[in-house]
Amino acid sequence: MLFEPRSGRLAAWGNALLAGLVSPDEAAMSIVGEDAVHRVEGLPGESGPVGLTLALGRLRALGVSGLRVALPAPGHPLGLSGPPEFNARALEAEEAVVAVGAAVGLVPEVAEAGPAGDVHVSVTWHCLPVREAPPADVPSLGEAERELAEALREATGVLTRLDVAGSGPVADAALSAYRARAEAGREALAPGYPPRAVRVLALAQRVDLMVSLAYESGHGGAVAASEMAARTEALRPVERVARRALVAAYNSAVEARELD
């Protein structure tokens with residue numbers, strides 16, 4: 001479930017910091033969220049891992065003017081520009097952040113420790129060289145919004161037609177949690193993003209949640225292997241649209257500045 005990728009939080013609040021709209025401490029706290037700690041290793045000029053506040057300052061000193069999100073999947077290098085080594089790490093993590101203004105990118109490595117109910121999550125962002133080139137397959141906000149409207153209709157139709165278990169206690173709990181988080185503003189982008197980006201992000205997260213629930217719901221009514229394959233095949237393009245829209249929303253602050 002891509003719902004709220006860590007790369008999205010890093011890019012959104014990093015962009016707000018670079019634009020002078022939030023303080024370094026506020027940006028770092030918002031990026032960490034419910035995790036225990038985030039560190040960045042491999043930064044030029046640093047001999048070891050450093051905290052987020054220092055890392056964001058170092059990136060700005062390197063000439064970074066913006067941060068873009070990449071959410072690649074097998075066969076779909078969404079948001080990536082190379083080289084192959086960076087793309088491979090990003091694909092393994094299923095997400096990355098690519099800097100604008102300096103040829104570096106960040107790939108998260110997540111570690112969990114502790115018993116159930118008291119899990120300690122730490123994130124190490126690996127700073128690696130990237131190729132300075134246009135990112136792959138990223139739509140405009142307008143394109144993403146149009147694609148999402150159609151994808152939402154398709155996803156609803158697919159789940160209904162294949163009798164996927166899209167309801168029940170687990171699905172209801174997930175949807176309720178989504179609504180509560182959205183109403184509390186936790187899914188809103190950082191300061192500096194246009195209202196349309198916030199709208200596209202929320203709709204993309206809704207579509208992504210529907211797809212994730214469908215994948216996690218077991219067989220549902222699609223008992224036969226052929227029906228299971230049909231569900232996967234039908235939902236794959238919907239999932240792709242949701243990922244494209246998430247990237248478009250998170251990257252919109254950078255795109256807007258480049259048009260000025």
Side-chain angles (χ1 to χ4, degrees), residues 2-46 49-72 78-81 86 89-90 93-110 121-130 132 134-135 138 141 185-194 197-198 200-201 204-205 246-260:
L2 295 171
F3 200 62
E4 190 185 19
R6 289 179 172 86
S7 57
R9 294 206 306 266
L10 176 57
W13 288 95
N15 284 328
L17 174 63
L18 292 169
L21 300 173
V22 298
S23 69
D25 287 342
E26 183 181 359
M29 289 178 59
S30 299
I31 293 166
V32 171
E34 296 179 0
D35 297 333
V37 65
H38 283 219
R39 307 280 285 175
V40 181
E41 73 167 22
L43 273 171
E46 298 293 340
V50 299
L52 270 178
T53 303
L54 177 58
L56 290 168
R58 174 66 70 184
L59 289 172
R60 180 156 49 188
L62 290 171
V64 173
S65 59
L67 299 170
R68 287 191 173 105
V69 170
L71 297 176
L78 177 62
L80 297 176
S81 58
F86 181 81
R89 291 286 292 267
E94 299 183 339
E95 60 177 313
V97 173
V98 179
V100 177
V104 295
L106 301 161
V107 180
E109 180 182 355
V110 181
V121 178
S122 61
V123 179
T124 300
W125 293 91
H126 298 278
C127 186
L128 303 164
V130 299
E132 293 186 282
V138 178
L141 270 179
R186 290 194 55 195
E187 302 308 324
L189 288 164
Y193 279 84
V198 176
V200 168
L201 179 66
Q205 289 170 332
L246 285 170
V247 171
Y250 284 121
N251 292 3
S252 60
V254 173
E255 308 302 337
R257 284 201 296 271
E258 290 183 344
L259 291 175
D260 290 341

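Here the structure is a predicted model, which means the values were calculated and not measured. Side-chain atoms are counted along with the backbone in the values below, which use heavy atoms only and exclude waters and symmetry mates.
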Quiz item: Do Ser7 and Leu71 touch side chain to side chain, with heavy atoms closer than 4.5 Å?
Solution: yes
Quiz prompt | Heavy-atom side-chain contact between Ser65 and Leu18 under 4.5 Å | solution = no
Quiz prompt | Test item: Leu59 and Leu106 side chains (from C-beta on) under 4.5 Å apart, heavy atoms | solution = yes
Self-check item: Heavy-atom closest contact (Val104 atom, Cys127 atom, distance)
Solution: CB-SG, 3.9 Å
Quiz item: Hey, are the side chains of Val121 and Arg6 touching, using non-hydrogen atoms and a 4.5 Å cut-off?
Solution: yes
Self-check item: Sub-4.5 Å side-chain heavy-atom contact between Phe86 and Pro129
Solution: no
Quiz item: Is it true that Arg68 and Glu255 have a side-chain N and a carboxylate O under 4.0 angstrom from each other?
Solution: yes
Quiz item: How long is the span from the CZ atom in Arg89 to the NE2 atom in His126, to the nearest 0.5 Å?
Solution: 5.0 Å
Quiz item: Which atom names give the shortest non-hydrogen contact between Glu132 and Ala103, and what distance separates them?
Solution: CG-CB, 3.8 Å
Practice problem: Determine yes or no for a side-chain-to-main-chain donor-acceptor pair under 3.5 angstrom, with Asn15 supplying the side chain and Gly66 the backbone. | Solution: no
Quiz item: Say you draw a straight line from CZ of Arg9 to CG of Leu189; how long is it, rounded to the nearest 0.5 Å?
Solution: 12.5 Å
Quiz item: About how many Å separate CD of Glu109 and CD of Glu41, when rounded to the nearest 0.5 Å?
Solution: 7.5 Å
Quiz item: Would you call Pro108 and Leu10 a side-chain contact if the rule is heavy atoms closer than 4.5 Å?
Solution: no
Quiz item: Do Leu78 and Val138 touch side chain to side chain, with heavy atoms closer than 4.5 Å?
Solution: yes
Self-check item: Minimum heavy-atom distance between Leu141 and Ala249, given as atom pair plus value
Solution: CD2-CA, 3.9 Å
Quiz item: Looking at CG of Leu67 and CG of Leu56, how far apart are the two atoms once the value is rounded to the nearest 0.5 Å?
Solution: 7.5 Å
Self-check item: Non-hydrogen side-chain atoms of Leu80 and Val130 separated by less than 4.5 Å
Solution: no
Quiz prompt | Smallest separation among heavy atoms of Tyr193 and Ala12, with atom names | solution = OH-CA, 3.3 Å
Quiz item: Can you tell me how far the OG1 atom of Thr53 sits from the CD atom of Glu26, to the nearest 0.5 Å?
Solution: 11.5 Å
Quiz item: Which heavy-atom pair separates Arg60 from Leu17 by the least distance, and what is that distance?
Solution: NH1-O, 3.5 Å
Exercise. Mind running side chain to side chain contact (heavy atoms under 4.5 Å, CB included) on Val40 and Leu52 for me, showing each step along the way?
Key: CA-CA 7 Å; Val40 181; Leu52 270 178; 4.1 Å; yes
Self-check item: Distance-minimising heavy-atom pair for Ala99 and Val64
Solution: CB-CG2, 3.8 Å
